[in-house]
Amino acid sequence: MCGLAGWLSYERDLSTQTSIAEEMNTTLECRGPDSHGVWTSPRALLAHRRLAVIDLEGGRQPMAAPAPDGPVITYTGETYNYRELRDELRSLGHEFRTESDTEVVLHAYLEWGAGFAERLTGIYAMAVWDPRTEELLLVRDRMGVKPLYYWPTPDGVLFGSEPKAILAHPDTEAVVDAEGLREIFGIVKTPGHAVFRGMYEVKPGTLLRFSRSGQEETRYWRLTARPHTDDLDTTIGRVRSLLEDIVAEQLVADVTVGTLLSGGLDSSAVTALAARATAEGADDGGSPRVLAFSVDFKGHGERFRSNVQWTDPDTPFAIEVARHVGAEHVVVELDNADVLDQDVRDRVLRAQDLPVSTGDMEYSLLVLCRALKERMTVALSGEAADELFGGYTWFHDPQAVEAETFPWHHPFEKAGGIGALRTIGLWGRLGLTEYVKRRYAEALEEVPRLAGDDRREERMRELTYLNLTRWENFLLDRKDRISMATALEVRVPFTDHRLVEYVYNAPWAMKSFDGREKSLLRAAMRGVLPDSVLDRKKNPYPSTQDAAYEEAVRERVRAAVAEDDAPVLKLASREEIGRLLDAPEGTYSMGGPWSARAVLERLVEFNNWVRLHDVRVDL
């Protein structure tokens with residue numbers, strides 16, 4: 001999966017600045033522990049950290065075309081259709097020295113120029129420097145699975161897979177102003193916004209071209225609205241067929257591939273299809289069983305109490321799915337010490353470059369990914385199914401559907417979640433009501449619409465678009481940063497653009513044809529998964545319900561605000577934070593990024609973030 005960084009300058013001689021590129025590259029070591037390299041020229045420096053997945057010996061980067069003054073690429077991610085593209089390029093006269101997908105992408109650029117991105121199927125972020133034209137291209141995959149950031153300079157640009165790579169450059173400074181804090185606490189995830197002043201994120205499905213004449217942005221892919229002509233049975237069959245092909249395609253690697261299995265519909269579907277494809281494709285003597293990992297908390301089954309988000313524990317369902325599909329199953333069991341461990345929390349903070357957003361979920365995910373890495377290098381995950389098929393409660397709550405805000409804001413506010421930020425005065429101090437309203441209006445302007453849709457269909461199309469382009473990117477970013485902090489590549493079959501394009505345009509009546517969430521996906525998996533899993537209500541990623549954990553978090557907040565120079569006091573006073581600390585248990589009971597516990601987590605981590613990353617908060 002790897003990491004990349006680089007520097008383009010039309011005024012400075014960068015051939016003498018290699019040490020800076022190496023420093024930028026070093027910040028990404030966890031993303032690519034297998035090898036590293038820096039390509040140097042007067043105008044451009046390209047750096048790369050490699051996690052070897054395909055062609056372990058031949059795919060080293062940065063990779064240059066064999067011709068004199070040919071283009072150079074530094075590339076992260078996977079192009080799943082690279083074999084088909086290689087065959088096509090060979091028929092056009094191209095010769096290949098390696099078996100890597102990186103070389104195929106480089107030759108695709110040689111053949112089709114900037115139009116090459118439209119031919120790629122996969123998850124990727126890359127930089128291509130062409131000395132012949134002195135142009136730099138930054139390209140990001142269609143759904144934004146792989147991150148890519150940039151910092152325009154007076155005579156060029158800095159870029160990297162993560163903000164920390166750019167902030168390692170001596171000409172940058174980690175400054176976060178009120179606008180950046182609004183992004184952090186508003187849970188908006190505005191495309192292109194990078195929180196740090198002066199920094200931006202390459203938008204999904206976008207190609208940026210930098211030349212002596214300036215910067216040019218091109219969207220090479222976006223969601224479009226078109227009529228859906230298949231009937232229900234055909235649609236269900238098409239969803240099943242697409243998923244079978246996509247999962248099989250994403251199992252291709254020269255390293256061990258497994259799955260993340262929660263016992264919910266999405267991860268169970270991926271695991272079941274991966275198990276089938278693995279068994280069908282196993283060589284004689286090879287293992288036909290897919291390896292599936294789950295996470296749980298010690299004593300969780302005994303302590304569990306159902307609430308508005310979690311209806312039952314995950315582990316029994318994960319065990320049932322693994323047995324049903326014949327997967328080798330491992331449960332990683334955690335206790336409070338695992339998620340309170342300061343080293344774990346610091347690693348998460350370094351990985352995300354921002355204060356945590358959903359509390360203990362980030363820490364448990366890191367520990368889980370670390371356990372996976374001991375057995376595999378690549379894992380398939382079920383992210384994006386809820387956004388695509390309509391799995392969240394806010395798709396089915398009439399008040400949330402009609403609320404004039406991002407759909408995930410309404411249920412949190414309804415259950416008192418946003419009240420935690422209001423209690424400490426931060427919601428009003430940052431002007432989050434106005435900020436969210438403005439960003440929501442901007443997002444609605446983007447929604448592709450279809451003439452003839454009635455108001456109900458139009459609204460559900462809006463909600464799906466908002467989830468796929470905002471909420472999902474929030475979750476994908478979390479998964480990428482934390483998994484890559486352990487050098488684990490996570491692939492996400494439900495983000496494949498062919499599936500997204502097809503299901504996005506299926507009418508809402510089909511997506512909820514049986515009166516439940518994710519009707520199409522459940523129907524497509526009927527006969528593949530146990531009925532108990534198919535008929536189970538959606539549960540989010542597991543979170544501890546141990547009251548001792550929440551009390552430990554509160555103690556850390558108390559210790560943080562007791563310091564005279566505590567950075568968190570820039571956000572709220574001791575008295576305001578004290579009101580949240582003293583609120584009776586359950587006052588802000590809704591889980592998620594605005595629960596009292598998650599807000600308290602973020603307050604204490606704000607202290608650590610400012611100090612760990614040397615952030616200047618400019619309010």
Side-chain angles (χ1 to χ4, degrees), residues 243 247 257-276 278 289-335 338-339 358 360-361 364-365 367-369 371-372 375-376 379-393 475 478-479 483 490-494 516-519 521-546 591-592:
L243 279 171
V247 170
V257 181
T259 70
L260 289 157
L261 174 63
S262 71
L265 174 60
D266 313 336
S267 65
S268 298
V270 170
T271 300
L273 295 177
R276 286 190 172 194
T278 300
R289 302 181 71 198
V290 72
L291 184 59
F293 271 67
S294 303
V295 66
D296 200 359
F297 295 90
K298 292 179 182 177
H300 185 64
E302 294 75 24
R303 283 193 303 268
F304 184 85
R305 299 291 182 272
S306 62
N307 57 35
V308 69
Q309 283 200 305
W310 288 275
T311 57
D312 42 36
D314 285 328
T315 298
F317 294 93
I319 292 172
E320 183 180 6
V321 169
R323 288 175 178 166
H324 184 82
V325 305
E328 180 184 348
H329 186 223
V330 177
V331 178
V332 179
E333 195 172 58
L334 310 179
D335 59 22
D338 293 311
V339 288
T358 51
D360 66 277
M361 296 180 186
S364 64
L365 181 58
V367 179
L368 173 62
C369 289
L372 264 72
R375 299 284 302 275
M376 66 183 76
L380 272 59
S381 182
E383 266 84 7
D386 286 309
E387 290 78 8
L388 185 58
F389 288 94
Y392 292 117
T393 56
L475 299 178
R478 178 182 70 177
K479 176 60 68 67
S483 62
V490 174
R491 298 174 178 178
V492 275
F494 288 107
R516 295 208 40 207
E517 74 282 356
K518 292 187 284 195
S519 303
L521 181 57
R522 284 188 295 104
M525 291 297 104
R526 189 72 65 181
V528 178
L529 292 172
D531 287 346
S532 60
V533 173
L534 290 170
D535 297 331
R536 184 188 181 204
K537 185 179 181 296
K538 173 191 163 47
N539 272 7
Y541 181 84
S543 178
T544 181
Q545 290 191 1
D546 190 347

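The structure presented is a predicted model; accordingly, all values stated were derived computationally and were not measured.
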#### Entry: Pairwise side-chain contact, Val321 with Leu261, heavy-atom cut-off 4.5 Å (strictly under)
yes

#### Entry: Separation between CG of Leu260 and CG of Leu372, rounded to the nearest 0.5 Å
5.0 Å

### Query
Can you name the residues that form a side-chain contact (heavy atoms from CB on, under 4.5 Å) with Ala275, not counting sequence neighbours?
Val290, Val325

### Query
If you measure from CG on Leu273 to CG on Leu380, what distance do you get to the nearest 0.5 Å?
10.0 Å

### Task
Go through the steps to decide whether Val295 and Phe293 satisfy the test side chain to side chain contact (heavy atoms under 4.5 Å, CB included), and finish with yes or no.
CA-CA 7 Å; Val295 66; Phe293 271 67; over 6 Å; no

#### Entry: Side-chain donor or acceptor of Asp386 paired with backbone N/O of Phe389 under 3.5 Å
no

### Task
For Ser267 and Ser262, indicate whether the former's side chain and the latter's backbone hold a donor-acceptor pair under 3.5 Å.
yes

#### Entry: side-chain hydrogen bond (donor to acceptor under 3.5 Å, both in side chains) involving Thr271 - partner list, sequence neighbours excluded
Thr259

### Query
If you measure from CZ on Arg536 to OG on Ser268, what distance do you get to the nearest 0.5 Å?
8.0 Å

### Message
Apply side chain to side chain contact (heavy atoms under 4.5 Å, CB included) to residues Phe297 and Asp360 and explain how you reach the verdict.
### Response
CA-CA 11 Å; Phe297 295 90; Asp360 66 277; 3.7 Å; yes

### Summary
Residue set satisfying salt bridge (Lys or Arg N to Asp or Glu O under 4.0 Å) with Glu383, at least two apart, ordered chain then number -> Lys479

### Task
Could you walk me through whether Leu243 and Phe494 pass side chain to side chain contact (heavy atoms under 4.5 Å, CB included), step by step?
CA-CA 8 Å; Leu243 279 171; Phe494 288 107; 3.6 Å; yes

### Summary
Residue set satisfying side-chain hydrogen bond (donor to acceptor under 3.5 Å, both in side chains) with Arg516, at least two apart, ordered chain then number -> none

### Query
Looking only at heavy atoms, what is the nearest atom pair of Ala385 and Lys518, with distance?
O-CD, 4.2 Å

### Query
If every non-hydrogen atom of Leu534 is compared with every non-hydrogen atom of Gly527, which pair is closest and at what distance?
CD1-N, 4.4 Å

### Query
Does any non-hydrogen side-chain atom of Thr278 lie less than 4.5 Å from one of Arg289?
no

#### Entry: Nearest heavy atoms of Leu529 and His324, plus distance in Å
C-NE2, 4.0 Å

### Query
Do Val533 and Met525 come close enough that some side-chain heavy atom pair is under 4.5 Å?
no

### Message
Among residues at least two apart in sequence or on other chains, which ones pass side-chain hydrogen bond (donor to acceptor under 3.5 Å, both in side chains) with Glu517?
### Response
none

### Which atom of Gly382 lies closest to which atom of Asp266, heavy atoms considered
O-CB, 3.6 Å

### Task
Apply side chain to side chain contact (heavy atoms under 4.5 Å, CB included) to Glu320 and Ser532, showing your working.
CA-CA 9 Å; Glu320 183 180 6; Ser532 60; 2.8 Å; yes

### Partners passing side-chain contact (heavy atoms from CB on, under 4.5 Å) against Ser519 (at least two apart in sequence or in another chain)
Ser512, Phe513, Asp514, Arg522

### Query
Who passes salt bridge (Lys or Arg N to Asp or Glu O under 4.0 Å) against Arg323, sequence neighbours left out?
none

### Task
Apply side-chain hydrogen bond (donor to acceptor under 3.5 Å, both in side chains) to His329 and list each qualifying residue two or more places apart in sequence or on a separate chain.
Ser294

### Message
Measuring only between side-chain heavy atoms, which start at C-beta, is Leu291 closer than 4.5 Å to Val257?
### Response
no

### Query
Side chains of Val528 and Arg276: does their closest heavy-atom pair fall under 4.5 Å?
yes

### Query
Does Val367 have any side-chain contact (heavy atoms from CB on, under 4.5 Å) partners at least two apart in sequence or in another chain, and if so, which?
Leu334, Val344, Arg370

### Message
Counting C-beta onward and ignoring hydrogens, is there a side-chain heavy-atom pair between Ser364 and Asp338 closer than 4.5 Å?
### Response
no

